[in-house]
Amino acid sequence: MPFTPFPPDVLTGETKFPCGGSIINNRVILTAAHCALAKADNFKLYMVRVGEYSMSSQIDCGSEFCGLPVQDIPISHVVVHPGYDKQTFKDNIALIVLRNKINYTVTAQPICLPESWSVTSNNGVLVGWGKTAGQTEASPQQQVLRLPIVSTSKCYSVYGKTLPVTDDHLCAGGDFGNDACSGFGGSPLLVQQGNTFYQVGILSFGSDQCGAGGVPSVYTNVKKYVDWIKENTPLIYNN
């Protein structure tokens, strides 16, 4: 699966995975700017973990096969959108560039980016390792949430007095008891077109009332940033 959590890593010997991201080529992870710039006492952004499913086991096995070991890959540098504003979450998007290439496996593959088409499905799929509504702790296993994509006007009615919601955003969720809570920042929102999944959103922010009816979460609208991603990816990919 084309998803990876990543940590601000260790000065203390402890590793944490506070955010998610997605693979867009074998040296670049797409995530939220607030994740790429995350700072905490005694921690620093150091590596990404690729090909994870369950953090509670070294080798992940399903009913038909076992996956390969995870890949922990150190970070070279990050590219944050120049318009990012941490107060308003404007342009909340970033690229994490890895020192070494990802080895593609059945559990580590790049996600497709949207092209010129608009989102034609109201059925979004969010993948990550955070807490969902009603959970007191983040699950060690990858979680998949099916969330309705809602209009930005509906989203504006919830957040517009405190945070701007524009066409640079997508909104999803709002069903009572079914939403992403803490730990899903930077995680990809997908839609299916035919047999292919495309990433249409990056989880940016949500309400403190996680899982409340009528209160969706807000995502960076990836389609609006495809040109920026492509413009920056070739330059860093060849380094």
Side-chain angles (χ1 to χ4, degrees), residues 1-9 15 17-32 35-36 45-79 93-115 117 124-130 139-145 184-203 219-220 222-223 225-239:
M1 299 295 288
F3 315 108
T4 171
F6 69 93
D9 199 42
T15 301
F17 297 89
C19 278
S22 57
I23 301 168
I24 58 171
N25 70 30
N26 61 10
R27 279 196 60 211
V28 180
I29 303 297
L30 178 65
T31 190
C35 290
L45 193 64
Y46 177 73
M47 68 165 184
V48 300
R49 174 165 289 181
V50 176
E52 183 67 281
Y53 174 72
S54 175
M55 298 183 191
S56 60
S57 60
Q58 290 187 337
I59 301 295
D60 298 330
C61 293
S63 59
E64 298 182 357
F65 69 94
C66 291
L68 294 173
V70 298
Q71 302 171 59
D72 289 339
I73 304 176
I75 292 169
S76 169
H77 58 283
V78 300
V79 180
I93 185 171
L95 304 173
I96 295 180
V97 187
L98 308 178
R99 291 185 188 176
N100 306 314
K101 292 181 179 180
I102 297 167
N103 294 320
Y104 290 155
T105 69
V106 69
T107 57
Q109 291 286 325
I111 190 64
C112 296
L113 299 177
E115 297 296 337
W117 50 270
V125 180
L126 178 68
V127 181
W129 285 261
S139 171
Q141 291 188 343
Q142 184 186 83
Q143 304 203 79
V144 178
L145 295 177
F184 275 97
S187 296
L189 181 71
L190 315 176
V191 296
Q192 186 174 4
Q193 297 278 108
N195 294 322
T196 303
F197 283 90
Y198 294 85
Q199 181 173 350
V200 296
I202 303 167
L203 187 53
Y219 296 74
T220 302
V222 173
K223 179 187 171 183
Y225 296 90
V226 168
D227 288 343
W228 179 83
I229 293 169
K230 291 182 175 180
E231 287 168 3
N232 285 275
T233 298
L235 298 176
I236 56 184
Y237 179 72
N238 295 319
N239 286 347

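Of all the heavy atoms in Val127 and Phe184, the pair that sits closest is C-CE2, 4.2 Å. The minimum heavy-atom distance linking Tyr198 with Leu113 is given by the pair CD2-O, 3.4 Å. Residues Trp228 and Val79 share a closest heavy-atom pair of CH2-O, 3.7 Å. In this structure, Ala36 and Ile96 approach most closely via the heavy-atom pair CB-CG1, 4.4 Å. Between Val70 and Gly51 the shortest heavy-atom distance is CG1-O, 3.8 Å. Residues Asp72 and Met47 come closest through the heavy atom pair CB-SD, 3.5 Å.
Of the inter-residue distances, the one linking Leu30 atom CG with Thr220 atom OG1 reads 9.0 Å to the nearest 0.5 angstrom. Atoms CD and CD1, on Gln109 and Ile102 in that order, are 10.0 Å from each other to the nearest 0.5 Å.
Using a 4.5 Å heavy-atom cutoff, the side chains of Val97 and Arg27 are in contact. With contacts defined as side-chain heavy-atom distances shorter than 4.5 Å, the pair Ser187/Trp129 does not qualify. In this structure, Val222 and Val200 have side chains that are not in contact, with every pair of non-hydrogen atoms separated by 4.5 Å or more. Residues Pro110 and Asn25 form no side-chain contact, since every pair of their non-hydrogen atoms from C-beta on lies 4.5 Å or further apart. Looking at heavy atoms from C-beta onward, Leu189 lies out of side-chain contact with Leu203 at the 4.5 angstrom threshold. In this structure the side chain of Gln71 never reaches within 4.5 angstrom of the side chain of Asn100, judged on heavy atoms. Counting heavy atoms from C-beta outward, Tyr225 and Ile202 have side chains that stay 4.5 Å or more apart. Side chains of Leu190 and Gln192 form no contact here, defined as non-hydrogen atoms less than 4.5 Å apart.
With Ile23 as the fixed residue, the side chain to side chain contact (heavy atoms under 4.5 Å, CB included) test singles out one of Leu98, Ile111, Val50: Val50.
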> Does the side-chain contact (heavy atoms from CB on, under 4.5 Å) test come out yes or no for Ile229 and Val28, once each step is laid out?
Replying inline: CA-CA 10 Å; Ile229 293 169; Val28 180; over 6 Å; no

>> Using the rule given for side-chain contact (heavy atoms from CB on, under 4.5 Å), can you reason through Leu95 versus Val78, listing the C-alpha separation, both sets of side-chain angles and the distance that settles it, and then say yes or no?
In response: CA-CA 6 Å; Leu95 304 173; Val78 300; over 6 Å; no

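A donor-acceptor pair under 3.5 Å is formed between the side chain of Thr31 and the backbone N or O of Gly20. With hydrogens and angles ignored, the 3.5 Å screen pairs a side-chain donor or acceptor of Gln143 with a backbone N or O of Gly130.
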